[in-house]
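Taking it in order: structure first as structure tokens, then the write-up.
Bear in mind that the values here come from a model prediction, so they are computed numbers and not experimental data. Each ligand, and each atom within it, is numbered from 1 in the order the structure gives.
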Amino acid sequence: MSTEEKSLNFIEHIIEDDLKAGFPNNSLRFRFPPEPNGYLHLGHATSICLNFGLGLKYNAPVNLRFDDTNPAKEEQEYVDAIKRDVEWLGYKWDKECYASDYFQELYNWAIQMIKNGKAYVDSQTSQEIAEQKGTPTQPGKDSPFRNRSVEENLSLFEKMKNGDVKEGEHVLRAKIDMTATNMLMRDPVMYRVLHKHHHRTADKWKIYPMYDWAHGESDYVEQVSHSLCTLEFLPHRELYDWFLDQIIDPNKVRPKQREFARRNVSHTVVSKRKLLKLVEEGVVSGWDDPRMPTISGLRRRGYTPASIRNFADSIGIAKRDNLVDVSHLEFCVREDLNKVAPRVMAVLDPVKLVITNYPEDKEEWLDAENNPEDESAGNRQVPFSRELYIEREDFKEEANRKFFRLTIGKEVRLKNGYIIQGESVVKDADGNITEIHCSYDPDTRSGSGTEASQRKVKGTLHWVSIQHAIPAEIRVYDRLFLVDSPDTDKEKDFMEFINPDSLHLTTGYLEPSLKDSAPEEVFQFQRIGYFAVDKESNQSKLVFNKTVGLRDSWGSKGN
Ligand code: ATP
Ligand code: MG
């Protein structure tokens, strides 16, 4: 479906109504505002696709705004990772902005508010302040410092700014209403003292603005028209508007905060704080571990930008928080990789197959199609010889009529090669099959056009020539969490639901065309699934990550 054909989501309705009411189209502006305290995850992808999608739809600029008001948790590494991930998803921001760029402007506005009697310095402890907040049914109490003179407030705020007071000694609060029904309106804190190094402003500032104070005013500085955030900010909207009222120039665009639902994905957690814990405790190898629901983890796993965009867009924007089954994400990547991933042959659980009537010293290079879904992908040559590997599960000595693979006395086709017939097996002392012997029909080569080659057989198997095969480390992943909603349990911490067995390593045998494959390339291992070359892969040791199986086999035999 094209964007035009899709029905409008409720955010688009809000914008359409604003345009109808006379808001100029060329004043539309959006922003994606991550805090650089972790890597972007699938939840962020929703917000990115929403904001940048609106930018494309309305031909409006979208800023990438780093909400960097908490120096304790923010780092340049995260800024770099966020930029890389947004770009990789395929979006272009208009301006790269930082809330910290507005520290001076915010400070000037705070001074103006003190002068207007709208802000005061409170010298109580945070505990005392919390105690006076009241409850949703009980009004709060005024601070004994609420009626300080403007002069005293200015001089104390100056001391806070210069670092002459300790952390926690004073805060600047907005003077609103300690009896307001909305608890957020009960004189919220605007600034706290923090003697911390900031990743951009270094040691210049000793006071740092709180989210509510910084966010709306940053939107205003950038002249963002629609500031879209997740539902938990709904009660903050009143404060967002109150702060704007204190500083607004009526000739400028007044940003509008609107809220949409958080996106949660099953069998994982989408919260930077929780993902950081997985990294710090060594549950995963890093933010880009292929089991992580981060954009960089998914990239390493073999996900394509289109598959993540389709995932976000196909679910749409909701008004209520929702849990999306991870199988929908897997469906999206399968659908995209089916179109673009080159097909190759690899055997992951090998058993030796000997073609007894094939000459020992012969080798042939057979023609193989790279992608039946894409003619322009062309063909390649795969080597064939007397001794091959096939998958152990593709052979049974005896089987019923529903088993369309290799058995003694039955025929199957070797993909891109010949029709073979099972003859006998060799077993070790424990009765395990070590070799399967078969014969081939030389007139049946795929694509040779002979009558024999047209013969219909029930099954086709993939294989690799043993002498040409290259071994590779194959990393197969299971769900990272054992339950679909690990972070909603009231009694147990999400860490208790970690799947202790989410990574399996095996050695696979690949056709030699994969020798020069490079990190992030993704292939379809025919009849098995999609596999991406890992960043740790090199020519002396190939490493592949299983992206996803060919079918949704979850529950029956895992994937
Ligand atoms: P986290 O809890 O993971 O730290 P956050 O909301 O604090 O998430 P921010 O960096 O502040 O993370 O988020 C940037 C933007 O992405 C915000 O507009 C936020 O609302 C949005 N966002 C974050 N998580 C989700 C989610 N799960 N679903 C939809 N949007 C999200
Ligand atoms: Mg946050």
Side-chain angles (χ1 to χ4, degrees), residues 9-11 30-55 62-70 72-75 77-83 85-86 89 91 93 97-100 199 209-212 214-216 218-219 222 224 226-237 240 255-280 287 292-298 308-309 311-313 315-324 326 328-329 485-488 494:
N9 65 43
F10 79 96
I11 297 283
F30 306 96
R31 92 287 173 260
F32 170 62
E35 184 181 350
N37 61 349
Y39 279 55
L40 297 180
H41 51 61
L42 278 172
H44 294 113
T46 308
S47 175
I48 294 170
C49 293
L50 171 65
N51 285 294
F52 284 94
L54 289 169
V62 185
N63 289 349
L64 175 61
R65 153 122 45 84
F66 290 99
D67 222 330
D68 56 348
T69 53
N70 185 0
K73 291 189 183 156
E74 295 156 4
E75 286 172 30
E77 178 202 342
Y78 297 137
V79 170
D80 297 340
I82 288 169
K83 285 165 64 178
D85 288 348
V86 174
L89 279 173
Y91 295 112
W93 53 84
C97 306
Y98 294 82
S100 58
H199 73 110
M210 301 300 286
Y211 174 90
D212 284 312
H215 201 90
S218 302
D219 288 338
E222 292 171 23
V224 166
H226 295 79
S227 174
L228 309 172
C229 59
T230 33
L231 273 183
E232 70 270 23
F233 291 101
L234 183 59
H236 296 247
R237 196 203 282 183
Y240 181 100
K256 196 176 218 181
Q257 176 188 301
R258 289 297 177 270
E259 309 79 15
F260 63 95
R262 270 188 112 73
R263 164 83 33 88
N264 297 307
V265 182
S266 78
H267 295 93
T268 193
V269 289
V270 281
S271 148
K272 283 177 285 187
R273 183 176 59 77
K274 290 174 186 160
L275 295 173
L276 177 64
K277 194 159 178 197
L278 296 174
V279 173
E280 283 177 343
W287 285 98
M292 291 282 268
T294 51
I295 305 297
S296 35
L298 292 164
I308 297 174
R309 290 196 308 261
F311 170 73
D313 291 344
I315 297 160
I317 296 302
K319 284 186 181 176
R320 283 212 201 125
D321 286 352
N322 51 71
L323 178 73
V324 181
V326 69
H328 183 64
L329 178 70
S485 212
D487 49 0
T488 52
F494 75 101

Report, in ascending order of atom number, the atoms of ligand 1 lying under 4.0 Å from any heavy atom of [X].
| X | value |
| --- | --- |
| Pro33 | 14 (C), 18 (O) |
| Arg263 | 26 (C), 27 (N), 28 (N), 29 (C) |
| Pro34 | 10 (O), 14 (C) |
| Thr230 | 19 (C), 20 (O), 29 (C), 30 (N), 31 (C) |
| Ser271 | 3 (O) |
| His41 | 3 (O), 24 (N) |

- prompt: What part of Phe233 sits under 4.0 Å from ligand 1 if we count only heavy atoms: the side chain, the backbone, both or neither?
  reply: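 Neither; no heavy atom under 4.0 Å.
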Just distances here: any N/O of [X] and N/O of ligand 1 closer than 3.5 Å?
| X | result |
| --- | --- |
| Glu232 | no |
| Thr46 | no |
| His44 | yes |
| Asn37 | no |
| Asn264 | no |

- prompt: Between Arg65 and Asp219, does at least one N-O distance fall below 4.0 Å, as a salt bridge requires?
  reply: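 Looking at Asp219 together with Arg65, the answer is yes, because their closest N to O distance falls below 4.0 Å.
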Does a side-chain heavy-atom distance below 4.5 Å link [X] with [Y]?
| X | Y | answer |
| --- | --- | --- |
| Ser47 | Leu228 | no |
| Val62 | Leu54 | no |
| His44 | Ile295 | no |
| Leu89 | Ile48 | yes |

- prompt: Hey, looking at atom 8 (O) of ligand 1, which of Arg273, Arg262, Lys73 has the closest heavy atom?
  reply: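 Minimum heavy-atom distance to atom 8 (O) of ligand 1 goes to Arg262.
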query: For atom 10 (O) of ligand 1, which of Glu259, His215, Lys272 has the closest heavy atom?
result: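 Among Glu259, His215, Lys272, the closest heavy atom to atom 10 (O) of ligand 1 belongs to Lys272.
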task: Please list, chain by chain and in numerical order, all residues satisfying ring pair (Phe, Tyr, Trp, His ring centres under 6.0 Å) with Phe260, sequence neighbours excluded.
output: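 Counting only residues at least two positions away or on another chain, Phe260 forms no ring pair (Phe, Tyr, Trp, His ring centres under 6.0 Å).
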message: Under the rule for ring pair (Phe, Tyr, Trp, His ring centres under 6.0 Å), what residues qualify as partners of Tyr211, not counting sequence neighbours?
response: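 Once residues adjacent in sequence are excluded, the partners of Tyr211 under the ring pair (Phe, Tyr, Trp, His ring centres under 6.0 Å) criterion are His215, Phe233.
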- prompt: Between the side chains of Glu222 and Asn63, is a donor N or O closer than 3.5 angstrom to an acceptor N or O?
  reply: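 Yes, Asn63 and Glu222 have a side-chain donor paired with an acceptor closer than 3.5 Å.
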task: Any chance you could measure His199, atom NE2, to Lys73, atom NZ, to the nearest 0.5 Å?
output: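 That separation rounds to 14.0 Å.
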